[in-house]
There are 2 protein chains.
Amino acid sequence: MSAGADFPRPYTTVDVAIFSVRDDALQVLLVQRPSDAGEPFPGQWALPGGYVDVTRDDSLLDCARRKLREKTAVASPYLEQLGSWGNATRDPRGWSATHVYFALLPSDDLALAKGANAADVAWFEVEAVLKKRPRLAFDHHELLQAAVERLRSKVEYTSLPAFLLPEPFTLPQLQHMYEIVLGRAVDKSGFRTRMLAADFLEEVGVVESDSNRPPMGYRLKDREKAVFFPRTFSPRG
Amino acid sequence: MSAGADFPRPYTTVDVAIFSVRDDALQVLLVQRPSDAGEPFPGQWALPGGYVDVTRDDSLLDCARRKLREKTAVASPYLEQLGSWGNATRDPRGWSATHVYFALLPSDDLALAKGANAADVAWFEVEAVLKKRPRLAFDHHELLQAAVERLRSKVEYTSLPAFLLPEPFTLPQLQHMYEIVLGRAVDKSGFRTRMLAADFLEEVGVVESDSNRPPMGYRLKDREKAVFFPRTFSPRG
DNA sequence: CCAATAGTGTCTGTTAGACAATATACA
DNA sequence: TGTATATTGTCTAACAGACACTATTGG
């Protein structure tokens with residue numbers, strides 16, 4: 001049996017949870033759904049995403065990159081697959097499966113949606129959105145929750161927060177990113193030892209600051225993938 | 001725009017990497033593809049899988065469970081989503097996206113394919129298959145490789161190998177599973193301390209053995225999910 | 001009493017975490 | 001010299017890894 005053509009095919013979509021740290025808080029990029037007739041969840045906020053376009057996207061990753069490019073001006077941020085969600089009821093139009101990615105953006109290059117519709121894209125504090133302010137379309141609360149859990153969990157033992165900073169960055173700045181995502185303080189001395197022992201940073205010369213002792217600037221040796229630490233952080237205080 | 005219906009839809013499939021330990025080696029369940037005309041990779045071995053059937057499967061997980069049930073007699077083994085692979089070229093019939101799961105089976109209930117075609121299902125040693133003996137259909141070598149990597153990596157810091165044993169099992173048996181999957185020896189004393197400290201085992205009374213001192217039998221407190229250890233195993237010797 | 005496996009105890013080097021001390025800039 | 005931030009040093013309790021020892025059975 002050449003079963004493929006005979007079966008009704010589910011919808012295939014890609015959604016992206018795009019994170020950045022702004023105003024000392026973890027934020028996520030949301031888009032407002034169109035109000036056209038026939039569109040589900042008109043006017044509601046949702047994760048950026050949509051149908052895979054087999055004529056434009058060579059792969060799921062390509063599709064995720066396109067979604068990201070359409071909503072932000074960023075070329076190549078950290079992008080990782082989270083998982084997939086698929087069932088008969090999550091989309092009122094029918095059986096659909098979505099492939100979810102999450103991305104980390106430095107807080108500087110935040111030129112949003114240079115395209116036509118800049119008004120329907122905005123940053124929201126993750127904590128608020130998880131409390132359903134605003135309410136999200138589809139099962140996107142579930143997707144966002146999973147993305148945040150994955151992020152928070154990986155921050156405990158990887159160099160992920162480095163992708164939230166523009167280069168060059170300093171160790172105190174990096175520690176600040178860790179503390180914001182983890183939601184707790186981290187010991188200064190231990191933090192530095194860990195970061196430098198992990199051998200993923202490259203000195204790039206002292207950087208100027210407003211006053212006081214100028215800190216050393218660093219950049220990532222590899223902007224493609226995160227580094228895994230041998231042990232996890234532990235609470236302090 | 002009600003874009004869904006307008007776009008050509010990719011094929012949606014689910015594949016499952018089913019693992020078990022047999023003859024002191026990690027093995028994976030493969031199925032032989034049909035030889036019918038028009039079928040891709042006729043007669044070649046592949047991971048069990050196939051199209052999502054929107055009339056039978058309520059969700060991707062349901063579909064994975066169905067694939068598993070069709071090839072084995074097992075009711076509810078450990079089942080975890082691995083990720084998804086989708087691009088224009090992986091299936092010669094067209095743009096397709098597959099959702100990959102991996103499952104762990106105790107080596108006792110291995111009644112295979114009670115259905116019609118028992119001949120086209122068989123266990124293979126993972127090490128051999130990774131070396132392309134036999135060669136797999138589609139991109140299934142890549143999928144299997146990812147599944148094995150995930151399994152080996154999670155074994156370092158989770159209770160996953162417990163799902164490879166029928167209950168009740170003993171701590172020496174459990175240690176044996178760890179050593180097989182990890183491919184190295186593990187210290188007895190430290191192993192026991194870790195397992196018992198993780199508090200996921202339940203004593204179920206001494207179990208009889210061929211001779212010598214009878215060991216304590218254990219079962220899982222929760223057969224649904226694995227437990228995470230605070231630290232990773234470390235090499236010894 | 002011996003062999004074989006199950007299970008426990010002990011020692012030691014390493015290290016994470018807490019915190020103290022020093023370094024370097026500007027005013 | 002004072003202050004603020006950056007960076008390094010020290011001390012200690014906890015613990016993993018190695019390995020020796022005891023326990024319990026059958027022969």
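Since the structure is predicted, the reported quantities are computational estimates derived from the model, not experimental observations. All heavy atoms count here, side chains included; hydrogens, waters and symmetry mates do not.
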Checklist entry - Separation of B/Q175 atom CD from C/dT5 atom P, in whole Å? => result 13 Å
Checklist entry - Are the charged groups of B/E167 and B/R223 less than 4.0 angstrom apart, N to O? => result yes
Checklist entry - Could you state the CZ-P distance from B/F169 to C/dT5, rounded to the nearest angstrom? => result 21 Å
Checklist entry - Got a sec, which residues hit ring pair (Phe, Tyr, Trp, His ring centres under 6.0 Å) with B/Y178, two or more places apart in sequence or on another chain? => result B/F191, B/F233
Next on the checklist: Rounding to an integer number of Å, can you tell me how far B/E208 CD sits from D/dT24 C1'?
Outcome noted: 16 Å
Checklist entry - Between A/M195 (CE) and C/dG17 (P), how many Å, whole number? => result 11 Å
Checklist outcome for this item: Applying ring pair (Phe, Tyr, Trp, His ring centres under 6.0 Å) to B/F228 and not counting sequence neighbours gives B/Y157
Checklist outcome for this item: For A/D199, the salt bridge (charged side-chain N to carboxylate O under 4.0 Å, His left out) test, sequence neighbours excluded, returns A/K221
Item to check | Value in whole Å for how far the C1' atom of D/dA18 lies from CZ of B/F191 | outcome: 17 Å
Checklist entry - Who are the salt bridge (charged side-chain N to carboxylate O under 4.0 Å, His left out) partners of A/R66, not counting sequence neighbours? => result A/D57, A/E70
Under 3.5 Å donor-acceptor pairs involving side-chain atoms of residues 126-138 of chain A, not counting sequence neighbours:
from   : atom 1 : to     : atom 2 : distance (Å)
A/E127 : OE2    : A/R152 : NH2    : 3.1

Item to check | Distance in angstrom units between A/N212 CG and C/dT22 C1', rounded | outcome: 16 Å
Might you list the N or O atoms of the protein lying below 3.5 Å from N or O atoms in nucleotides 6-12 of chain C, with each pair's distance?
from  : atom 1 : to     : atom 2 : distance (Å)
C/dA6 : N3     : B/R213 : NH1    : 3.3
C/dG7 : OP1    : B/M216 : N      : 2.8
C/dG7 : OP2    : B/R192 : NH2    : 2.3
C/dG7 : O5'    : B/R192 : NH2    : 3.0
C/dG7 : N7     : B/K188 : NZ     : 3.4
C/dG7 : O6     : B/K188 : NZ     : 2.6
C/dG9 : O6     : B/S189 : OG     : 2.6

